[in-house]
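This report refers to the structure that appears directly beneath it.
Just so we're on the same page: letters track the sequence lines, and every chain starts at 1.
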Number of protein chains: 2
Amino acid sequence: MAVTLKDVAERAGVSRSAVSRTFTEGASVSDKTRRKVEKAADELGYSPNALASSLTTGRTKLIGLVSNNFHNPIFLEVFDLFTRGLQDRGLRPLLVNLSHEVDPANSVRMLRQYSVDGVIVASSTLPPSFAKAFRDAGVPVVHSFGRRASMPEVHVVGIDNQECGRMAAQTLIDRGYTRVSFLGGPERATSTQDRLIGFMDVMQGNPGMTVSHSFASEYSFDAGRAEMIRLLTSDPAEAYFCGDDVLSIGALSAVKDAGLSVPGDIGIIGLNDMEMAGWENINLTTIRQPIGEIINSSIELVVATVDKPDRTPEARLFPCRIVERGTLRPPAYPVSP
Amino acid sequence: MAVTLKDVAERAGVSRSAVSRTFTEGASVSDKTRRKVEKAADELGYSPNALASSLTTGRTKLIGLVSNNFHNPIFLEVFDLFTRGLQDRGLRPLLVNLSHEVDPANSVRMLRQYSVDGVIVASSTLPPSFAKAFRDAGVPVVHSFGRRASMPEVHVVGIDNQECGRMAAQTLIDRGYTRVSFLGGPERATSTQDRLIGFMDVMQGNPGMTVSHSFASEYSFDAGRAEMIRLLTSDPAEAYFCGDDVLSIGALSAVKDAGLSVPGDIGIIGLNDMEMAGWENINLTTIRQPIGEIINSSIELVVATVDKPDRTPEARLFPCRIVERGTLRPPAYPVSP
DNA sequence: CCCGTTTTTGCAACCGGTTGCAAAGTGGCG
DNA sequence: CGCCACTTTGCAACCGGTTGCAAAAACGGG
């Protein structure tokens with residue numbers, strides 16, 4: 001059925017090694033044989049079996065892409081960028097959908113069976129120990145959107161979530177809000193924990209503020225909406241920092257359904273700046289997370305780690321910035337730059 | 001580095017075949033050796049190399065998942081269902097992002113290099129010839145969300161887009177609209193072409209109607225919005241059948257920004273019933289495409305085709321139905337059921 | 001034209017598994 | 001206990017490639 005090295009070798013009248021060499025970078029073949037081989041290969045429609053060659057070279061060019069969030073539209077953007085970025089470098093994404101699984105054992109075993117060259121864990125909710133399980137199994141791994149650490153145990157690429165919390169807090173203060181709240185994602189998500197820490201950090205330094213917080217059950221529209229509906233039943237805050245754009249959009253929907261106006265009655269600031277945040281019927285003020293840079297950097301780092309597995313784990317953090325749109329009232333008074 | 005069959009065999013004091021057999025379904029091994037082997041494997045942390053075994057068995061359990069739409073949120077749902085469905089059957093999705101590529105040659109070559117057992121092309125825009133290229137290369141293929149055909153050249157699973165067009169048309173007529181329009185996706189997308197055909201089909205049978213149509217440049221929010229902004233500049237229709245929910249949502253945003261009300265001034269009906277269509281701030285009346293059933297059926301069909309490559313190509317079509325929400329005015333008069 | 005150097009080539013072993021086949025082992029039954 | 005049928009086991013070849021090594025070929029200089 002499939003045409004192999006041997007078929008090409010016979011047709012070209014050379015040895016199998018000669019054929020193999022014409023298809024491997026930097027191997028020693030004369031122009032004459034190369035032409036003969038290429039001709040034969042063309043005629044037979046031959047292309048080398050990547051899996052067979054991986055046996056001896058030890059490289060499959062497969063990269064495991066592990067994620068657990070298929071309900072947040074930002075992940076479509078994430079998958080788009082990851083798959084394109086990997087393809088551009090000749091790598092192939094092998095997708096793993098964790099759903100609600102939190103034990104890494106299965107994914108580790110599965111990805112080892114397929115001899116992936118490396119793994120990218122794309123999740124802002126999984127703990128560092130998840131990615132660590134790959135490292136312990138000898139699989140190069142990068143945790144994208146993971147928790148920062150000064151001495152990380154695995155490579156992490158993402159943002160400083162505490163800093164984002166502080167940034168959101170300071171923004172709300174600058175806008176003159178005094179009764180504020182953090183509407184986070186699931187309490188177990190590391191990103192939510194860190195954003196809360198940063199938010200509270202700043203708030204506690206400002207005595208005049210009334211501060212509260214609560215958690216949505218997951219990073220999704222429905223969860224954000226449900227939580228905001230609950231909050232609106234009893235003395236809501238003036239402004240909310242939602243732990244994610246998709247929560248913000250859910251919250252927005254609840255606020256508007258309650259007949260309240262944004263930002264007139266209630267202010268909302270999100271985090272991510274996903275595509276939808278810019279849609280004119282949403283127009284969400286948010287903190288932009290530079291996912292393109294995070295993803296490119298993650299790919300670059302995993303590739304580097306494949307070449308040099310003992311690289312000491314590093315944390316690459318990218319700065320975030322406020323994207324001003326229409327869900328927060330303008331500054332009450334001039335703010336120092 | 002990695003622990004192999006041989007290591008396990010030595011430690012267990014048996015032959016390599018014995019080890020191989022304990023790990024292959026239905027092979028003949030005594031309980032005694034099986035236990036010895038399992039113990040040794042456990043101690044060494046062995047798990048068989050799926051790629052090496054694929055060399056002899058001819059099965060990799062890899063399924064190529066090819067798509068070209070990473071801007072329509074429905075595809076996040078699609079990826080979620082595909083990856084989970086494949087995983088549940090012990091298969092692994094190898095993702096291919098076509099971006100704007102329309103030539104199948106690259107994907108075919110790449111997926112053959114990785115010896116995928118089968119391929120699922122998930123796209124409502126690519127022509128049947130795209131999937132056909134895989135079949136011609138001897139790779140089992142199913143086209144999900146593809147174009148229906150009475151004698152298809154490859155397996156197709158999806159909906160009858162012409163029928164959906166008719167359904168939308170009839171619905172608008174039943175609601176008493178007389179000036180209507182089809183706002184499609186890209187003109188080259190087969191789904192758009194077919195929906196338009198069905199829509200016109202019914203309209204032409206109703207002399208009282210004023211009908212027009214136009215195309216958005218792609219299936220995305222921005223394209224839908226841009227097209228609707230253009231339409232609003234000159235004598236818009238009373239109601240639009242948008243070729244996709246994400247177009248509808250873009251269109252909705254444009255309509256509302258123009259200070260018009262929905263469904264008061266303009267009615268909109270979409271197609272897909274993606275998660276967001278049900279969000280309370282969108283609340284889109286739409287035609288539900290049963291993507292869960294389509295995806296399960298696609299997986300089942302590709303698996304069956306792997307076992308029996310010469311199966312004659314079939315088209316599996318699933319019925320759609322109207323999901324009534326808030327963007328179309330209620331029936332003007334009683335409608336026969 | 002000869003000889004030393006460099007390039008190209010094929011052989012054969014190997015990567016990590018599977019599998020047909022024949023030999024060895026096991027069990028049942030008369 | 002002996003015979004037969006059935007199960008289990010190991011050997012060796014194979015899957016589709018790669019690669020170290022030594023032989024062969026090509027090249028360059030005198």
Exercise. What residues form a side-chain hydrogen bond (donor to acceptor under 3.5 Å, both in side chains) with A:T33, not counting sequence neighbours?
Worked result: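 Applying side-chain hydrogen bond (donor to acceptor under 3.5 Å, both in side chains) to A:T33 gives A:S30.
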Rounded to whole angstroms, how far apart are [atom1] on [X] and [atom2] on [N]?
X	N	atom1	atom2	answer
A:D31	D:dC27	CG	P	11 Å
A:E25	D:dT18	CD	C1'	15 Å
B:K6	C:dT18	NZ	P	16 Å
A:R35	C:dT8	CZ	P	13 Å
B:K36	D:dT9	NZ	C1'	11 Å
A:Q113	C:dG16	CD	C1'	13 Å
B:K32	C:dG25	NZ	C1'	10 Å

Exercise. So among A:H155, A:E314, A:R135, which one has a side-chain hydrogen bond (donor to acceptor under 3.5 Å, both in side chains) with A:T305?
Worked result: A:H155
Any pair counted as salt bridge (charged side-chain N to carboxylate O under 4.0 Å, His left out), so long as it reaches [range], sequence neighbours left out:
range	result
residues 11-27 of chain A	A:R11-A:E43
residues 49-62 of chain B	B:R59-B:D307
residues 73-101 of chain A	A:D80-A:R84

Check salt bridge (charged side-chain N to carboxylate O under 4.0 Å, His left out) between [X] and all other residues, then give those that pass, not counting sequence neighbours.
X	answer
B:R34	B:E38
A:R35	none
B:D194	B:R147
B:R148	B:D160

List, with names and distances, any nitrogen or oxygen atoms from the protein found under 3.5 Å away from nitrogen or oxygen atoms belonging to nucleotides 10-12 of chain D.
unit_1	atom_1	unit_2	atom_2	d
D:dG10	OP2	B:S15	N	3.0
D:dG10	OP2	B:S15	OG	3.0
D:dG10	N7	B:R21	NH1	3.2
D:dG10	O6	B:R21	NH2	2.8
D:dC11	N4	B:S17	OG	3.1

Problem set entry | Angle by which the axis turns from one end of the helix from C:dC1-D:dG30 to C:dG30-D:dC1 to the other, five pairs per end, to 10 degrees |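 Roughly 30° between the end axes, to the nearest 10°.
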Exercise. Who passes ring pair (Phe, Tyr, Trp, His ring centres under 6.0 Å) against B:F23, sequence neighbours left out?
Worked result: B:Y46
For this session: Remember a base hit wins even if backbone is also touched, and classify A:V19 as base, sugar-phosphate or nothing at under 4.0 Å, heavy atoms.
Result: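 Counting heavy atoms under 4.0 Å across all strands, no contact is made by A:V19.
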For this session: Output yes when at least one side-chain N/O atom of B:S28 is less than 4.0 Å from OP1 or OP2 of D:dT7, else no.
Result: no
For this session: Would you please confirm or rule out a distance under 4.0 Å between OP1 or OP2 of D:dT9 and any side-chain N or O of B:S30?
Result: yes
Problem set entry | Within residues 41-61 of chain B, residues whose heavy atoms come under 4.0 Å of DNA chain D | B:L55, B:T56
Exercise. Under 30°, 30 to 60°, or over 60°: which ring-plane class applies to A:F70 and A:F79, parallel, tilted or perpendicular?
Worked result: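 If you compare the ring of A:F70 with that of A:F79, the planes turn out tilted.
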